[in-house]
Amino acid sequence: TNLLGIKAVIAESFERIHRSNLVGMGVLPLQFLPGESAESLGLTGQEVFHIRGLSDAIKPQAVLPVIADRPAGPSLEFSVIARLNTPIEVEYYRNGGVLNTVLRKMVQ
């Protein structure tokens, strides 16, 4: 998934296994804040998303701002929860997934 250029997935909720599979592949699972959804925010799927606050300092369950640039009309800013639930998942994400993490440790 990451090799196809998908860097993040925004959803209302995640099944445990799907969320952990995304993290394992180096894709950031992001969850809308309670009471928000693509529909309530007026998102159509035509937007280009810019996720702010992604750095090596990201923490589990961090709230991150997202800017959605619409093809026609003003940009929309909203917040999401980074569903990296543990420090180990943060490490997997930083390294681009489980495989990259294991390979880095083997090289060291």
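A salt bridge does not link E77 with R52: none of the charged nitrogens is closer than 4.0 Å to a carboxylate oxygen.
Under a 4.5 Å side-chain heavy-atom criterion applied to ILVMFWY residues, the cluster that includes M25 comprises I6, V9, F14, L22, V27 as well.
Follow the hydrophobic side-chain contacts under 4.5 Å out from L33 and you never reach F78; the two are in separate clusters. Hydrophobic clustering of Ile, Leu, Val, Met, Phe, Trp and Tyr side chains at less than 4.5 Å, counting indirect connections, unites I88 with M106. Note: the hydrophobic cluster containing L4 does not contain V98 (ILVMFWY, side chain heavy atoms under 4.5 Å, direct or indirect links).
Contact annotation: the side chain of N95 never approaches that of L103 to less than 4.5 Å [non-hydrogen atoms, C-beta and beyond]. Contact of the I58 side chain with the L64 side chain is registered, since non-hydrogen atoms from C-beta on lie closer than 4.5 Å. Contact annotation: the side chain of Q61 approaches that of N85 to within less than 4.5 Å [non-hydrogen atoms, C-beta and beyond]. Under the 4.5 Å side-chain criterion, counting only non-hydrogen atoms from C-beta, E91 is not in contact with R104.
Between P60 and P87, the shortest heavy-atom contact is CG-N, 3.9 Å. Minimum heavy-atom separation, A68 to F49: CB-CE2, 3.7 Å. The shortest heavy-atom contact between G42 and R70 is O-NH2, 3.9 Å.
With respect to L76, the side-chain contact (heavy atoms from CB on, under 4.5 Å) criterion is satisfied by exactly one of L43, I67, V66: L43. Of the options R83, R94, R19, a side chain to side chain donor-acceptor pair (under 3.5 Å) to E89 is made by R19 and by none of the others.
Under the 3.5 Å distance criterion, the side-chain polar atoms of E47 are matched with a main-chain donor or acceptor of G45.
Annotation for H50: atom NE2 counts as buried by contact number, over 12 foreign heavy atoms lying within 6.0 Å.
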Apply side chain to side chain contact (heavy atoms under 4.5 Å, CB included) to residues S20 and I17 and explain how you reach the verdict.
CA-CA 5 Å; S20 63; I17 192 70; 4.1 Å; yes
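Considering CD1 of I10 and CD1 of I81, their distance stands at 12.5 Å, rounded to 0.5 Å.
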